[in-house]
Amino acid sequence: MHALVPSTLVILCDIDKRVKATWQHPTTCGRNFYEVLRTLDACQLALFHQVATPANWLQGRDVYVAPRLTKVAACDQIEGIARSWDGVE
């Protein structure tokens, strides 16, 4: 029989109370709080600006236009996207 191991759980929810990310660690293992903040920033950016962030993204760095947006919709939402657009029309 396995003994129960205490753990630390972090749950990140959006403004609509939907779970966006979870982290679970044993209490003997530390967690990177900056990763939690980075994920929070990325989720907020995605929610309010319809973009996707790459792995290890930091604020101020390049993002991807959400795949569900057309070129016209992306240009309407994000200034300067037309001059750097690499997507398929």
Nearest heavy-atom pair of Ser7 and Gln24: which atoms, and what distance? OG-NE2, 3.0 Å

If you look at every heavy atom in Pro54 and Val63, which pair is closest and at what distance?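 The pair with the smallest heavy-atom distance is CD-CA, 4.5 Å.
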
ILVMFWY cluster membership beyond Leu9 - transitive side-chain contacts under 4.5 angstrom: Ile11, Val19

Main-chain N/O of Asp16 paired with Asp14 side-chain donor or acceptor, under 3.5 Å: yes

Mind checking what makes side chain to side chain contact (heavy atoms under 4.5 Å, CB included) contact with Leu40, not counting sequence neighbours?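 Side chain to side chain contact (heavy atoms under 4.5 Å, CB included) list for Leu40, sorted by chain: Leu12, Gln44.
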
What distance do Asn32 atom CG and Trp23 atom CH2 have between them, rounded to the nearest 0.5 Å?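 Those atoms lie 10.0 Å apart.
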
Please lay out, stage by stage, how Ile15 and Phe48 fare under the test side chain to side chain contact (heavy atoms under 4.5 Å, CB included). CA-CA 11 Å; Ile15 59 175; Phe48 294 115; 4.2 Å; yes

Which residue pairs pass the side-chain hydrogen bond (donor to acceptor under 3.5 Å, both in side chains) test with at least one member in residues 51-66, sequence neighbours excluded?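 Sorted pair list comes back empty.
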
